[in-house]
Novice: 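Mind having a look at this structure? Questions to follow.
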Amino acid sequence: MLQINTIRQAPDEVINRLKIKNFDASKLVNEIIMLDESRREIQTKLDDTLAEANKIAKSVGQLYQSGKADEAGKMKEMSASLKEVSKDLSTELEKIVTLMNDALVLLPNLPHESVPAGKAETDNEIVASEGEFPVLPADAVPHWDLIKKYNIIDFELGNKVTGAGFPFYRGKGARLQRALINFFLDQAIAAGYEEYQPPLLVNEASAYGTGQLPDKDGQMYFAPVDKLYLIPTAEVPITNIYRDEILKESEMPVRNVAYSNCFRREAGSWGAHVRGLNRLHQFDKIEIVQIRTPEESYTALEEMREYVASLLRKLNLPFRILRLCGGDLSFTSALTYDFEVFSSAQERWLEVSSVSNFESYQANRMKLRYKNKEGKTNLAHTLNGSALALPRIVAALLENNQTPEGIKIPEILIPYTGFDIIS
RNA sequence: GGAGAGAUGGCCGAGUGGUCGAAGGCGCACGCCUGGAAAGUGUGUGUACGCCACAAGCGUACCGAGGGUUCGAAUCCCUCUCUCUCCGCCA
């Protein structure tokens, strides 16, 4: 969430910048400022009352020790009324703090100044475009036909055992998945990321920390008996490692990578464009996470963008990079680059990665701070990106590399797959 | 799942009603010492909020969480959560 200081110091700027996200914040901001004012007023009163009560308690102790029980008795009475006052004040304070927090979590992150205005996908700005579209054979088909033809991914089996959106990968399909996972992890490690294997279920505090709660409740699978959420991305456990932590500047920058299964309910989002591997309830993703100082977080974002681009180049996939417009930008993000690969048989662009800088928005919510060289404690900046999400990469690889002989495996993956063609 | 023990600062660990934000040790930071380092030695070393200039300073809260008793709680009482040990089960 946004820092109260930011809102207090420049409320108009907050309102103006959120207009880029098509979010009318004026009412919320005013409410927050009013709540903040009364919060501070009450806090001051309460502190003064408690200070006085503390003084009395101390002198009562001294009076008893010096045998002046009468005087001590009088002091006790004074203390009783103070106690009532402080009780009322702290109840009131608690109420206001709750109201303020409830309001604060409803405010999205401020977009970075480079974010273009816009309402929808079509307003995203294409900032790069690379690679050649492949020339496909005349009888080229989409990946959902290819996986049947070569018997490498089985949706019907998934339907039987679990339900829609939970396919089985088999034979060379399973091996291709495993190859991609290892390839992506090896690449990330070579680029300086530390590998983690995170838990796939997280508690409520973690889901809240990265911002899945309260705004994306309903998108996550939930195990009510133990009150645990199935992670929609490794971002959640990996970033929450640092929840309630104060990092030394020497421990920064943090560069972590994790492979995980991701679980998404995708409630209400099934339609014509989600056939085959385009959208699943369970999928595999390698996620990179960085924790940075505010000064260098945008340098880090560009570094991550370049890293993701390098993966797609190595896989020989045509891709483009979009700078998301305000309307398409997520609630918690300040700036996001989406990566899309061209899936030739479907003839559409598929989003395979999303690289974002959350600035201090997540950090504030999860109290992730760092101590700078001067010894001052500040909120850190968090960033993350997919590197990469598997299903759509697989879809594009299958479609783009289909030949009459079979599906050719990109050169760089062959050491990982152990075969060069799926036929 | 059964039985027991416990939760204190970055870590270890003392503290069973007042002078405790909390002894001591380790770690860390800075200084001295040294050709340099180690050792030794001195000083410092939590977080949040409020007043205020995001200074100094002062105040308040925090010893797993929440509530209670009391003029006063790390210390007493209640509830919850978590951790550990043993047994059972088990990849």
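The chains referred to below are lettered A, B, ... by the order of the sequence lines, with proteins before strands, and numbering in each begins at 1.
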Novice: Let me know, please, whether Leu50(A) or Ala53(A) comes out on the 5' side of the other along RNA chain B by nearest nucleotide.
Specialist: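 It is Leu50(A), whose closest nucleotide lies nearer the 5' terminus.
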Novice: Where does the angle between the aromatic ring planes of Tyr307(A) and Tyr193(A) fall among parallel (under 30°), tilted (30 to 60°) and perpendicular (over 60°)?
Specialist: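 Tilted: the ring planes of Tyr307(A) and Tyr193(A) meet at 30° to 60°.
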Novice: Measuring only the C1' atom in each nucleotide, how far is C77(B) from A23(B)? A whole number of Å is fine.
Specialist: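 My reading of the C1' atoms in C77(B) and A23(B) gives 27 Å.
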Novice: Apply the side-chain contact (heavy atoms from CB on, under 4.5 Å) test between Thr49(A) and each candidate in Ser81(A), Ser86(A), Ser90(A); give the one that qualifies.
Specialist: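 Looking at Ser81(A), Ser86(A), Ser90(A), the match for Thr49(A) under the side-chain contact (heavy atoms from CB on, under 4.5 Å) is Ser86(A).
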Novice: Between G18(B) and A73(B), how far apart are the C1' atoms? Round to whole Å, please.
Specialist: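 Looking at atom C1' only, A73(B) and G18(B) are 10 Å apart.
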Novice: Between Glu249(A) (CD) and A29(B) (C1'), how many Å, whole number?
Specialist: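 So the CD-C1' distance, Glu249(A) to A29(B), works out to 15 Å.
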Novice: Say you draw a straight line from OG1 of Thr299(A) to CD of Gln290(A); how long is it, rounded to the nearest 0.5 Å?
Specialist: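 Rounded to the nearest 0.5 Å, the OG1-CD separation comes to 10.5 Å.
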Novice: Using the P atom in both, what is the distance from A39(B) to U45(B), to the nearest Å?
Specialist: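 Straight-line distance between the two P atoms is 23 Å.
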Novice: Tell me, what's RNA chain B's dot-bracket, Watson-Crick or G-U with both distances under 3.5 Å, | for other-strand, [ ] crossing?
Specialist: ((((((((.[[[..)..(.....]]]((((((.......))))))((((((.....)))))).[[[[[..)....]]]]])))))))....
Novice: Taking only the P atom of each, what is the distance from G21(B) to A61(B) in whole angstrom?
Specialist: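 Those two atoms are separated by 9 Å.
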Novice: Whole angstroms only, please: what is the CG-P distance between Asn203(A) and A65(B)?
Specialist: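 After rounding, the gap between these two atoms is 16 Å.
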Novice: Among Glu359(A), Glu249(A), Glu303(A), which residue satisfies the salt bridge (charged side-chain N to carboxylate O under 4.0 Å, His left out) criterion with Arg292(A)?
Specialist: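 When Glu359(A), Glu249(A), Glu303(A) are each tested with Arg292(A), the salt bridge (charged side-chain N to carboxylate O under 4.0 Å, His left out) holds only for Glu303(A).
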Novice: Have a look at Asp328(A) and tell me which of Arg323(A), Lys21(A), Glu121(A) forms a side-chain contact (heavy atoms from CB on, under 4.5 Å) with it.
Specialist: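 In the set Arg323(A), Lys21(A), Glu121(A), the residue that makes a side-chain contact (heavy atoms from CB on, under 4.5 Å) with Asp328(A) is Glu121(A).
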Novice: With nearest nucleotides of RNA chain B determined for Lys87(A) and Asn54(A) from heavy-atom distances, which residue corresponds to the more 5′ nucleotide?
Specialist: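 Looking at RNA chain B, the more 5' nearest nucleotide goes with Asn54(A).
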Novice: Round to the nearest Å and state the distance from Asp226(A) atom CG to C82(B) atom P.
Specialist: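 Distance, rounded to whole Å: 9 Å.
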Novice: Decide whether a cation-pi geometry holds between Lys172(A) and Phe419(A); the criteria are a distance under 6.0 Å from NZ or CZ to the six-membered ring centre and an angle within 45° of the ring axis.
Specialist: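 Yes.
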Novice: Taking atom C1' in both A29(B) and G6(B), what distance in whole Å separates the two?
Specialist: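 Approximately 33 Å lies between the C1' atom of A29(B) and that of G6(B).
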Novice: Between atom OH of Tyr242(A) and atom CE of Met366(A), what is the distance when rounded to the nearest 0.5 Å?
Specialist: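 It comes to 11.0 Å.
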Novice: Strictly under 3.5 Å: I want the nitrogen or oxygen pairs between protein and nucleotides 18-22 of chain B, one per line.
Specialist:
residue: G18(B); atom: N2; partner: Ala57(A); partner atom: O; Å: 2.8

Novice: Can you tell me how far C1' of C62(B) sits from CG of Leu93(A), to the nearest Å?
Specialist: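 It is 15 Å, rounded to the nearest whole Å.
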Novice: Should the ring pair Tyr361(A) and Phe331(A) be called parallel, tilted or perpendicular, given that the plane angle runs from 0 to 90° and is split at 30 and 60?
Specialist: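 Perpendicular.
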Novice: What distance, rounded to whole Å, do you find between the two P atoms, one in C63(B) and one in G57(B)?
Specialist: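 Taking atom P in both C63(B) and G57(B), they lie 25 Å apart.
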Novice: Can you tell me how far CD of Gln177(A) sits from OG1 of Thr417(A), rounded to the nearest 0.5 angstrom?
Specialist: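 Result: 13.0 Å between the selected atoms.
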Novice: Would you give a per-nucleotide map of nucleotides 44-57 of chain B, 5' to 3', where B means the base has a protein non-hydrogen atom under 4.0 Å away, S means only the sugar-phosphate does, and - means neither?
Specialist: --SSSSSS--B---
Novice: Can you tell me how far P of C82(B) sits from CG of Asp244(A), to the nearest Å?
Specialist: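 Between P of C82(B) and CG of Asp244(A): 17 Å.
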Novice: Which label fits Phe263(A) and Tyr221(A): parallel for a plane angle under 30°, tilted from 30 to 60°, or perpendicular past 60°?
Specialist: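 Correct class here is perpendicular.
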Novice: With rounding to the nearest 0.5 Å, note down the distance linking CD1 in Ile291(A) to CG in Asn256(A).
Specialist: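 Separation between the atoms: 7.0 Å.
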Novice: Nearest whole Å is fine: how far is U60(B) C1' from Asp48(A) CG?
Specialist: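 To the nearest whole Å, that distance equals 9 Å.
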Novice: Could you measure between the two P atoms, the one in G4(B) and the one in C71(B), and give it in whole Å?
Specialist: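 Pairwise P distance, G4(B) against C71(B), rounds to 36 Å.
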Novice: What is the minimum heavy-atom distance between Leu379(A) and Tyr370(A), and which atoms define it?
Specialist: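 Of all heavy-atom pairs spanning Leu379(A) and Tyr370(A), the closest is O-CE2, 3.5 Å.
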Novice: Can you tell me how far C1' in C32(B) sits from the matching atom in G36(B), rounded to whole Å?
Specialist: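 Rounded to whole Å, the distance is 16 Å.
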